Amino acid sequence: MRRLDGKVALITGASGGQGEAEARLFVAEGAAVVIADVLVAPGEALAAELVAAGHRAVFVEIDVTDPAAWATVVARVEAELGRLDVLVNNAGVSDRRGVAEQPQDAFDRVVDVNLWGPVAGMQACAPLMARGGGGSIVNVSSIAGLTGYDAAGYTSSKWGLRGVTKTAALELAPFGIRVNSVHPGVILTPMLANVSREVVDRFARVAADPRAAAPEEVAHTVVHLSIEELSSFTTGAEIAIDGGFVAAGAHRAQALRVAQLMEESDA
Ligand SMILES: NC(=O)c1ccc[n+]([C@@H]2O[C@H](COP(=O)([O-])OP(=O)(O)OC[C@H]3O[C@@H](n4cnc5c(N)ncnc54)[C@H](O)[C@@H]3O)[C@@H](O)[C@H]2O)c1
């Protein structure tokens with residue numbers, strides 16, 4: 001028996017990147033998956049591929065900022081799949097502008113998708129999860145939710161998501177729902193498509209494990225947090241999946257810089 005047999009998991013932003021990797025791991029553990037995204041064609045293709053391989057998967061089009069769309073999706077999940085055990089609030093957008101350059105409309109948009117989207121998702125999904133006896137919610141924040149980070153709106157959204165995860169953990173515990181946040185470091189997904197590989201690798205260099213990671217390396221932790229026997233006492237927690245990027249802190253960047261300067265002065 002697989003560890004999520006009979007369970008239903010809804011993953012937002014699952015048409016590609018980390019969400020897609022999560023959908024693949026959830027079905028491998030026996031869960032039915034709801035692939036929820038604004039991007040229709042790749043999401044439908046993924047659902048069709050998983051169904052053809054013998055899994056249970058459906059695609060639903062949703063903009064996570066829209067509560068009416070959430071209500072429609074949850075009604076459909078209940079009608080077609082009968083229950084909901086796991087919600088992964090993974091959908092997100094990036095904006096790399098700092099405080100000085102951040103326009104208000106772009107700030108509002110990134111906070112809307114990355115912070116309000118998960119809140120709207122929890123609001124819509126928690127009652128159905130509670131009716132089935134509870135479950136697990138995983139909110140995908142970022143290392144930008146653990147440290148200062150050079151992006152004003154994005155950082156605000158990810159710190160906010162880290163905080164509201166703890167609020168939800170307190171509020172939903174009486175219904176048997178655990179709520180945790182994960183904080184990926186540098187992950188190779190379409191979100192980094194417009195950043196050169198050299199810049200990505202340089203950015204990752206300060207981590208204890210100095211590399212960009214594959215989306216599956218995040219997905220395994222998300223699945224772990226969704227399997228009751230592996231994480232039954234874990235709620236309100238924040239888990240960095242960053243190769244020690246945050247652990248390294250400013251010290252590591254400075255140590256590398258000093259070592260380089262000493263090498264140059266020896267040469
Ligand atoms: N890639 C990284 O290095 C990295 C690092 C830390 C955190 N994250 C976070 O991980 C999560 C997944 O990102 P990814 O790296 O897989 O990027 P990605 O761009 O590949 O995936 C994001 C997905 O979210 C969907 N999406 C965007 N806006 C949406 C909306 N309003 N409604 C529904 N779906 C929407 C997109 O269509 C896309 O499929 C995001 O929350 C991101 O902020 C990424």
Side-chain angles (χ1 to χ4, degrees), residues 10-25 34-47 59-70 72-73 87-96 106 108-121 124-125 137-147 149-151 153-162 164-165 181-197 199-204 207 211-219 221-222 238-243 245-246:
L10 189 159
I11 306 160
T12 67
S15 288
Q18 294 171 56
E20 176 185 345
E22 285 148 16
R24 292 182 184 283
L25 286 188
V34 181
I35 295 159
D37 207 301
V38 272
L39 263 186
V40 176
E44 282 182 342
L46 176 61
F59 172 77
V60 293
E61 183 179 358
I62 187 173
D63 179 336
V64 294
T65 64
D66 179 359
W70 270 111
T72 305
V73 164
L87 167 65
V88 185
N89 281 311
N90 163 78
V93 290
S94 174
D95 186 313
R96 290 179 215 287
D108 289 348
R109 180 64 188 159
V110 75
V111 170
D112 205 22
V113 175
N114 296 0
L115 180 54
W116 166 247
V119 173
C125 293
I137 295 175
V138 182
N139 291 326
V140 182
S141 176
S142 167
I143 50 175
L146 295 172
T147 67
Y149 192 81
D150 47 3
Y154 188 76
T155 306
S156 303
S157 71
K158 295 300 188 181
W159 275 77
L161 185 54
R162 174 188 177 197
V164 82
T165 295
S181 60
V182 295
H183 299 262
V186 185
I187 313 297
L188 294 168
T189 69
M191 189 170 272
L192 297 185
N194 60 356
V195 185
S196 78
R197 187 57 200 259
V199 169
V200 168
D201 288 343
R202 275 176 171 265
F203 191 74
R211 64 184 173 87
E216 292 72 22
E217 298 182 78
V218 177
T221 303
V222 172
E238 52 198 46
I239 299 179
I241 311 169
D242 67 344
F245 189 102
V246 168

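Here the structure is a predicted model, which means the values were calculated and not measured. Positions are given from 1, in the same order as the sequence printed here. One-based numbering, in listed order, for ligands and for the atoms of each.
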What are the distances between nitrogen or oxygen atoms of ligand 1 and protein nitrogen or oxygen atoms, counting only those under 3.5 Å?
{"unit_1": "ligand 1", "atom_1": "1 (N)", "unit_2": "Ile187", "atom_2": "O", "d": "3.1"}
{"unit_1": "ligand 1", "atom_1": "1 (N)", "unit_2": "Thr189", "atom_2": "OG1", "d": "3.2"}
{"unit_1": "ligand 1", "atom_1": "3 (O)", "unit_2": "Gly185", "atom_2": "O", "d": "3.4"}
{"unit_1": "ligand 1", "atom_1": "3 (O)", "unit_2": "Ile187", "atom_2": "N", "d": "3.0"}
{"unit_1": "ligand 1", "atom_1": "3 (O)", "unit_2": "Ile187", "atom_2": "O", "d": "3.3"}
{"unit_1": "ligand 1", "atom_1": "10 (O)", "unit_2": "Gln18", "atom_2": "NE2", "d": "3.1"}
{"unit_1": "ligand 1", "atom_1": "15 (O)", "unit_2": "Gln18", "atom_2": "NE2", "d": "3.1"}
{"unit_1": "ligand 1", "atom_1": "15 (O)", "unit_2": "Thr189", "atom_2": "OG1", "d": "2.6"}
{"unit_1": "ligand 1", "atom_1": "16 (O)", "unit_2": "Gln18", "atom_2": "N", "d": "2.8"}
{"unit_1": "ligand 1", "atom_1": "17 (O)", "unit_2": "Thr189", "atom_2": "OG1", "d": "3.4"}
{"unit_1": "ligand 1", "atom_1": "31 (N)", "unit_2": "Asp63", "atom_2": "OD1", "d": "3.0"}
{"unit_1": "ligand 1", "atom_1": "32 (N)", "unit_2": "Ile62", "atom_2": "O", "d": "3.4"}
{"unit_1": "ligand 1", "atom_1": "32 (N)", "unit_2": "Val64", "atom_2": "N", "d": "3.0"}
{"unit_1": "ligand 1", "atom_1": "37 (O)", "unit_2": "Asp37", "atom_2": "OD1", "d": "2.7"}
{"unit_1": "ligand 1", "atom_1": "39 (O)", "unit_2": "Asp37", "atom_2": "OD2", "d": "2.7"}
{"unit_1": "ligand 1", "atom_1": "41 (O)", "unit_2": "Asn90", "atom_2": "O", "d": "2.8"}
{"unit_1": "ligand 1", "atom_1": "41 (O)", "unit_2": "Lys158", "atom_2": "NZ", "d": "2.9"}
{"unit_1": "ligand 1", "atom_1": "43 (O)", "unit_2": "Tyr154", "atom_2": "OH", "d": "2.6"}
{"unit_1": "ligand 1", "atom_1": "43 (O)", "unit_2": "Lys158", "atom_2": "NZ", "d": "3.0"}

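Using a cutoff of 4.0 Å between basic side-chain nitrogens and carboxylate oxygens, Lys158 and Asp95 are not scored as salt-bridged.
Atom CG of Leu87 sits about 7.0 Å away from atom OG1 of Thr12, to the nearest 0.5 Å. Atom CD1 of Ile143 sits about 6.5 Å away from atom CG of Asp242, to the nearest 0.5 Å.
Two residues are said to be in side-chain contact when any heavy atoms from C-beta on lie closer than 4.5 Å; Leu161 and Asn89 fail this criterion.
Taking the ring pair (Phe, Tyr, Trp, His ring centres under 6.0 Å) definition, one finds that Phe245 meets it with Phe203, sequence neighbours left out.
Between the side chain of Ser141 and the main chain of Arg162, no donor-acceptor pair closer than 3.5 Å is present.
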